[in-house]
Each structure stands twice: as structure tokens, then as C-alpha cells.
Amino acid sequence: MHTFGNRRDIDGLRALAVIPVVLYHFGFGLFSGGFVGVDVFFVISGFLITSIIFREISAGRFSFVDFWARRARRIIPALSVMMLAALLVGWVLMPANDYSQLGRAVRYQAMFASNILFMRQDGYFNPASDFKPLLHTWSLSVEEQYYILFPLLMVLLTRYLRQWRWMLFGLLVVSFALNVWVIKRNPDEAFFLLPMRAWELLCGAMLAVLTVSDRKMPSWVYEAVSLAGLVAVLCAIFGFDKYTLFPGWAALFPVLGATAMIWANGQTSTVVGRLLSVKGMVGVGLISYSWYLWHWPVFVYANAVSIDGMQALEASGWVVLTLVLAWLSWRLVELPFREKRVLAGRKSVLFSGLATLLIIGLAGQLIRTSDGVPQRISGQALQYAEARDWQRGQMDCLLQRDSPDMSKICRFGGDEQTPPVQLVWGDSHAAALLPAIEADAKRYGVPVWLASLSGCLPILGHETRPQCQDFNQATLQSIREHKIRDVVLAARWSLYLYGEEDGDMQHVLYPDDRRSVAEQEVGRDLTAMVHTLREAGARVWIFKEVPLQRQGTVARLASLAMVGRSAERLGRPIAEHLARQQFLNTLFTHLSQQDPNVRVLDPAPLMCPGGICRAEFDGYSQYMDENHLSDKGGERMKPLLAPIYLSENAAQGR
């Protein structure tokens, strides 16, 4: 087998891996599957690292200290500079909560465990991850965990097992099987964790330890295998997207494709090998590690101060900047260490690398324990940042999954001796109305109840979990027992019908039905719910869904203010909101037309002046996150809820 040497085609393969990753992250839609470049990197790493280890074990001169010192020299310097730069820029651009999360990520990456952290969070393809400057380090953590364990494994296998290659292949098969099995149960674990990713590195490792055969195949075989490998990788790059179940079976395309190219191009000169070996591809390959390190933080911070999102021309400019930073990192940081111009000794570089990671990790922990150093933020930025937490008691009135008492509800306004005759019922979006409910109840002297349970639609019969069923039945029983006159139904209606915009279907009531069938089911069940309430003697007020913001919009507010940019234009066109709400709006209108005691309250006209559903209004964020109203946003709903209280006053002759 061709062992590792001056393989220009492998440098070119690195370029083929990194270019799609960068362009995918910067939003160039043609490269919808560009994330598979990481899988190509895994195969390359497995091949090169195993080639070194196997060669040295065979020569009887393998040293763990030497191996890990080389890894420290290769990885830690550029990584450390990038993390320090991310912390410095984050100090200027990030609100406290986000900066605290960055400190946490730095601490985890200093231990090469950031993949575990990100696995527990939003996932790789979630738009929320676009604001995590160190998200891309998950793959470095996977590789470093592999580098720690694999040399130990190789030494043991080669020393004690005669057929150790079969054992290595068996581990590859087990890892792949785990990947296929886990991805259907927990996709984030399959994506981020080493046991489900090891097979990709092991594919490269198996190439490195194959026994050498003197028998050569016809040249056309190598040409065909190399071309097939390239086609497989390109099919993944241009054919996959964020909705592809990945890694899973789909990962075979980039992994086997890269494996095929490394094998075939190592046997003889092929057309694909020559293409990969051209000067431009080799040049990009040489700086690929630094380019991978720098491209993502630049994207995150550029995205944080972009009002309308990055357009193609702007994104191209940022890509050029990442290339410049990559070249500088390669020239000024990577090369001096790799050529042993700095810290030439193996023990000195290993000790210094670990000490550097320790210091950076402690800095991250300090930022984490200081809650992101909120003292550095003031003025408008602080005002926006503070809006991302509810301060008016919404969480005290919002039942959670672990809430033991499903009958617990909050009361506002009126004489304590007077039982409420009004009730607001729904999910966390009902709880978000608390500032308006409380203010109007006090102003008009009308007692009102707020009954809200996170993730539960106020419709009987098709609840997503038994807790929702218990809560809805208890709330309906209270309405009947206390003869409630006005019931406000408030929820994020589209969530239970269409799921999250990023494809998360966790809360969907009818996941197995076609969209049209699900809409019919929701229409039937909501109509039945309204009829039930009307039969109980209550007027029904349907509070329409608050317009959703795009992921990351609310986080941008503070970042824009921190660099002195106005956020007045930041928001989402009302046309997008109306398109998502089309069926629901028609349904609500139909219900109100059928019965004059069923009325609809729409927050969109109040929140979307001039056709833009603005994230901020009059210097305050209208949102706590991308879909919940903030304290100020909730308070702005007072005029919408006032008719409910006024109708009650009129009914009592006040």
C-alpha cells in the first residue's frame, strides 16, 4: 500500500473538503451538502495518522510522547489563537448570555469535548447554532478524542493479536452499525459523538494498514475507482441538504468516495489525482486547517451585525477575509511551530500546548461563572439584552413538564373575594401576555385567571402528552364550575400544525398526516373546543399567533447596538407571517362569522407597521426570543385585550 509521503493529491483532497464547508456555511445554496467536507477530512485524518503510527510501530520506534507532541504542534497553536480572537471579538459584540455560552464552549474545547456540549444543545443544522462561534470545533474534538485512543488501540492490537487488521475492521463495522441505529433514535448523538463517527476515520485507517500487493491492476481500474469516488463526494456536496438524515447511510457517499480517491490515486497517477494536484488546489489544501478554524467565527460575528442577513456579494467579501486570515494563520502560526522554529523540543511543545489550553479553558470558565461579564454592556444594548429574559413573573404562571399540580393557575386584578369570570388559557404564548393581562385587570378592576402549560395547545382530544390532557381537562372543569364568562385561547397555533420552521416536529399534533389532513383535524378539533366553551356559557376570544421572527433576529439586536447600528429595519415581512398563518386565519374568521360571541384578536397589525414585523419598537425588543413576546412586547398587547375587560364592565353595568 502507498504509505504517507508527499501526496499532493491529498492536499488537493483537503481543498475539496474545505471549500464546500466554507461556502455552505456562508449560505451559497449550490453547496447545500457542503457539510460533508468534514467527513472527507475524517477519512484523510484516519489515513495519514494511521500511516504514521503503523510505520513507526513496524520500525519499532513508536513513542506516545512523540505522537502527541506532533499532534499538539499541528493543532493547538492555531486553535488557541482562534479561540482567543473569538473571545476578544465576542467581548465587543456579544450580549452577556451569549458571551457566557461562548466561555462555556471555550472551556469544553480546551478539554477537546465541545462535541459533547453541542450535542446537548440545538444541533448542527438548527439556525440557533449560527450564533455559536465555536460550533465548528466539534469535529476537532472528535478527531482529538480519536488521536488519544487510537494509538493505544494500535499498540495493543499489533502486540497481542495476529489478525489485528480484522479486529480493526470489526470496530469499523460496529461503529457504522451504531451510526445507523442511533441516528433514528437520537440524530444529534449520531452526528456529534466519536463512537458513531469513528468508522469514518477507520476507513482511512484501514487503507493505511492494508498489506502491500505486488500485483497491479489495469490502469483503467484505478481511473474508474478514483472517478467514482469523486462523483460520490460531489453528489453528496450538491445533492444533500440539512434535511438529509446524516450521517447514517448517507455518509457512505463522502466517506467511501474519499477512501476510493485516496486508494486509487496512491496506486498510480489518475486524471482525478492530477486535478487534485494542481497548484491552486494544493495551496488551498495547505491552509485548509486554518481556513476551517477561522471561517466559522467570521461567519457568526458577521451574521450577528447583519440586518437583512448576508447577501451573496457581502458573503463573498467575508469569505475573502477568511482566506486572508487563514493564510496569515498558516504563515505566522502554523508554519513556525510545524517547522520547529518555535518550541523545537517534543516535551516543551507538549507541555506548552497543554498549559495554553489550560489557561484558555480557565478564561472561558471565568467568563461563564461571571455570567458573560454583563458590566461591559450598557445603554441600548443592555436594554435589548435584558429583554431576552422574562422579569414580570411569566415563568411563575407557566406550568412546566415537571409541574405536579395541573390545576394551578394565576389570578390578577379585582377584589380577592370576587371569583374571576375571565380566563386566559393556552401555552407559553398565553403566559407571555401576562404583562398586558395584569395591567388591564388592575386598570379595569376585573379579576382574571391565567392558565398556561408549556407546549400544550388548548384543544381537547389530541394532546401531545398525557400531562396536556390532564391540564386541559382541569382547565375546562374550572370554566364550568366557576361559570367563566370570557375565555381567551392563546397559543403558537402553527407550531402544533406545521412544527418549527427548522423542521422540528416535536409538538405537531398530527405528525403522520398530510398537511391538508392535519389542517382538517385541527379545524375540526378547534371548532369542537369552541362549541364546548359556548355550551358552558362562555364568550370565546381567539388570540392569533404572534408573528415569528427568523432565528437569530432577537440576538442581533444587542450586537447591532453594541457596534452602533440601528435596528429599526430588523424584522420579517408580514407577507411571510400571513403565508404561514393562511389556513389558521381562515379558520378563525370562519368561527367568528358563525357565532358573534366568538371573536378574534390579531397582534399582527400592532406589531407589523409598514408591512414589517419589527423585532424592536421604540427602542425596546418586542420579543424575548424568536416567537415569545418580551415584557415590553407583552405589555403592548393591552389595547388588544381591553375589549374583553370592557365587555365585562358593560355586562356588570359599570
Side-chain angles (χ1 to χ4, degrees), residues 127 242-243 424-430 432-433 452-469 471-473 475-476 487-535 538-551 572-605 607-608 613 626-629 640:
K242 65 180 181 179
Y243 300 109
V424 180
W425 177 11
D427 59 9
S428 55
H429 280 237
L433 297 174
S452 58
L453 174 59
S454 178
C456 290
L457 191 66
I459 290 179
L460 288 168
H462 286 88
E463 290 85 355
T464 54
R465 58 184 192 268
Q467 184 190 34
C468 295
Q469 185 177 23
F471 170 74
N472 284 343
Q473 289 177 347
T475 304
L476 182 58
V487 175
V488 182
L489 301 178
R492 185 180 168 189
W493 302 98
S494 67
L495 173 67
Y496 306 94
L497 190 53
Y498 309 125
E500 297 279 4
E501 290 185 298
D502 65 6
D504 184 350
M505 307 295 281
Q506 177 183 354
H507 292 96
V508 172
L509 295 179
Y510 314 98
D512 299 324
D513 293 328
R514 298 191 310 274
R515 179 176 179 134
S516 59
V517 175
E519 289 175 342
Q520 292 175 6
E521 296 281 350
V522 167
R524 185 196 65 217
D525 290 344
L526 180 58
T527 299
M529 184 77 255
V530 169
H531 287 167
T532 299
L533 293 172
R534 292 293 296 121
E535 288 174 357
R539 285 186 293 260
V540 179
W541 305 74
I542 301 176
F543 196 95
K544 286 187 178 182
E545 182 173 338
V546 170
L548 306 179
Q549 291 294 338
R550 296 190 184 101
Q551 194 71 46
R572 191 170 193 173
I574 193 172
E576 294 183 9
H577 168 69
L578 294 177
R580 182 173 172 87
Q581 300 293 318
Q582 183 177 4
F583 166 75
L584 291 164
N585 287 342
T586 301
L587 173 62
F588 297 156
T589 299
H590 173 74
L591 290 171
S592 64
Q593 290 174 345
Q594 292 291 105
D595 186 339
N597 285 309
V598 177
R599 303 174 191 178
V600 179
L601 306 172
D602 187 1
M607 302 184 71
C608 309
C613 301
E626 278 65 32
N627 60 86
H628 291 95
L629 293 170
L640 277 180

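Of all the heavy atoms in G499 and M505, the pair that sits closest is CA-SD, 4.1 Å. For the residue pair L453 and C468, the shortest heavy atom distance occurs at CD2-CA, 4.0 Å. Closest of all the heavy-atom pairs between V600 and F588 is CG2-O, 3.6 Å. In terms of heavy atoms, V424 sits closest to A430 at CG1-CB, 4.2 Å. Closest non-hydrogen pair, P603 versus F543, comes out as CG-CE2, 3.9 Å. The shortest heavy-atom contact between G523 and T527 is O-OG1, 2.7 Å.
Between the CG atom in L533 and the CH2 atom in W425 there is a gap of 6.0 Å [rounded to 0.5 Å]. Rounded to the nearest 0.5 angstrom, I459 CD1 and E521 CD are separated by 11.0 Å. Taking CG from L526 and NE2 from H531, the interatomic distance works out to 9.5 Å, rounded to the nearest 0.5 Å. Distance check, rounded to the nearest 0.5 Å: CE of M607 to CG of L640 gives 10.0 Å. Atom-to-atom distance recorded for T589:OG1 and N585:CG is 6.0 Å, nearest 0.5 angstrom. Here CD1 of I542 is found 12.0 Å from CG of D602. Values are rounded to the nearest 0.5 Å.
With 3.5 Å as the limit, one finds no donor-acceptor pair spanning the side chains of S592 and R599.
Using cut-offs of 30° and 60° for the angle between ring planes, the H429 and H628 rings count as tilted.
Counting only heavy atoms from C-beta outward, the side chains of L457 and W493 approach each other to under 4.5 Å. For the pair Y496/D427, a side-chain contact is recorded, criterion being any heavy-atom separation below 4.5 Å from C-beta on. A 4.5 Å side-chain heavy-atom check between P573 and C613 finds every atom pair outside the cut-off. Residues E519 and L497 are in side-chain contact: their nearest non-hydrogen atoms beyond the backbone lie under 4.5 Å apart. Taking 4.5 Å as the limit, every side-chain heavy atom of V546 sits out of range of all side-chain heavy atoms of N627.
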Salt bridge (Lys or Arg N to Asp or Glu O under 4.0 Å) between R572 and E501, worked out: CA-CA 14 Å; R572 191 170 193 173; E501 290 185 298; 2.7 Å; yes
From CA spacing to verdict: side-chain contact (heavy atoms from CB on, under 4.5 Å), E626, L548: CA-CA 6 Å; E626 278 65 32; L548 306 179; over 6 Å; no
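Within a 6.0 Å radius of CD in Q582, other residues, nucleotides and ligands contribute 12 heavy atoms or fewer.
Listed for the E545 side chain is a donor-acceptor partner under 3.5 Å among the backbone atoms of S494.
Electrostatic pairing of E500 and R492 counts as a salt bridge here, judged by a charged N lying under 4.0 Å from a carboxylate O. At a threshold of 4.0 Å, the pair E576-R550 counts as salt-bridged, since one of the basic side-chain nitrogens sits closer than that to a carboxylate oxygen.
The side-chain tip of R515 points at the ring of Y498 from less than 6.0 angstrom away and within 45° of straight on.
Results of the side-chain contact (heavy atoms from CB on, under 4.5 Å) test with V530 over D525, N597, V598 single out V598 as the only residue that passes.
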